[in-house]
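Input: a single structure, listed below in structure tokens.
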Amino acid sequence: MRLFQNAETIDRLVTQGELLLKTYHAEYDKDPASFHAEFLRGDFAGWRSTVHTLYGDCAEQIIDRVLIKTRLAIPGDEIRSGAAHGL
């Protein structure tokens with residue numbers, strides 16, 4: 001399915017997702033067990049849920065753009081081998 005929404009709105013959603021994901025990963029890298037990392041993970045999950053509510057099946061196109069631009073994993077989907085396993 002193809003997105004037929006306002007390109008400016010989609011671009012803003014992508015920018016917001018990038019910021020949330022980058023901020024989460026920065027905090028996670030400092031302290032994976034911190035309140036801040038969990039709070040930011042929840043922020044990203046909320047953003048993702050909202051995008052799915054608004055755009056349904058097309059939401060993954062927006063989320064994929066965020067993942068491509070940031071080259072970061074979605075919180076909870078990643079296996080953080082270096083941090084989690086001491087590698």
Side-chain angles (χ1 to χ4, degrees):
M1 205 180 263
R2 193 162 183 252
L3 280 172
F4 292 107
Q5 303 298 324
N6 180 323
E8 182 180 351
T9 300
I10 301 301
D11 290 345
R12 287 182 183 182
L13 285 169
V14 170
T15 299
Q16 184 181 33
E18 287 178 57
L19 176 65
L20 290 169
L21 192 56
K22 287 177 182 177
T23 305
Y24 161 75
H25 277 281
E27 190 61 40
Y28 184 93
D29 289 343
K30 283 193 265 182
D31 182 3
S34 76
F35 167 80
H36 297 293
E38 281 301 305
F39 183 84
L40 292 165
R41 185 184 64 78
D43 278 353
F44 184 81
W47 170 84
R48 187 177 182 196
S49 177
T50 300
V51 171
H52 273 280
T53 298
L54 293 172
Y55 297 101
D57 293 337
C58 294
E60 287 303 314
Q61 293 176 41
I62 296 168
I63 294 163
D64 286 346
R65 282 180 55 186
V66 171
L67 297 177
I68 290 166
K69 285 182 130 185
T70 63
R71 296 181 179 201
L72 296 169
I74 293 174
D77 289 351
E78 76 274 11
I79 297 174
R80 309 248 333 163
S81 60
H85 302 290
L87 300 174

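We count residues from 1, following the sequence as given. Values below: all heavy atoms of this structure, side chains included; hydrogens, waters and symmetry mates excluded.
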field: Under the side chain to side chain contact (heavy atoms under 4.5 Å, CB included) test, residues paired with His36 that sit two or more places apart
entry: Glu27, Ser34
- prompt: Thr53 side chain to Ser49 main-chain N or O, any donor-acceptor pair under 3.5 Å?
  reply: yes
message: If you compare all heavy atoms of Ala73 against all heavy atoms of Leu21, which two are closest, and at what distance to 0.1 Å?
response: O-CD1, 3.3 Å
task: Show the numbers, then the answer: is there a side-chain contact (heavy atoms from CB on, under 4.5 Å) between Leu13 and Val66?
output: CA-CA 9 Å; Leu13 285 169; Val66 171; over 6 Å; no
- prompt: Which atom names give the shortest non-hydrogen contact between Ala37 and Pro32, and what distance separates them?
  reply: CB-O, 4.0 Å
query: Which atoms form the tightest heavy-atom contact between Gln16 and Trp47, and what is the distance?
result: OE1-CD1, 3.3 Å
message: Applying side-chain contact (heavy atoms from CB on, under 4.5 Å) to Leu40 and His25, what does each step give before you reach the verdict?
response: CA-CA 9 Å; Leu40 292 165; His25 277 281; over 6 Å; no
- line: Sorted by chain and residue number, the side chain to side chain contact (heavy atoms under 4.5 Å, CB included) partners of Arg48 (sequence neighbours excluded) come out as Phe44, His52, Glu60, Ile63, Ile74, Asp77
- request: Report the distance from atom CG of Leu20 to atom CG of Leu72, rounding to the nearest 0.5 Å.
  value: 12.0 Å
Gap between atom CD1 of Ile10 and atom OH of Tyr55 - 0.5 Å precision: 4.0 Å
- prompt: What residues join Phe35 in its hydrophobic cluster, counting side-chain heavy atom gaps under 4.5 Å, either direct or through other members?
  reply: Phe39
field: Which residues share a salt bridge (charged side-chain N to carboxylate O under 4.0 Å, His left out) with Asp64, sequence neighbours left out
entry: none
query: To the nearest 0.5 Å, what is the distance between OG1 (Thr23) and CD (Glu18)?
result: 11.0 Å
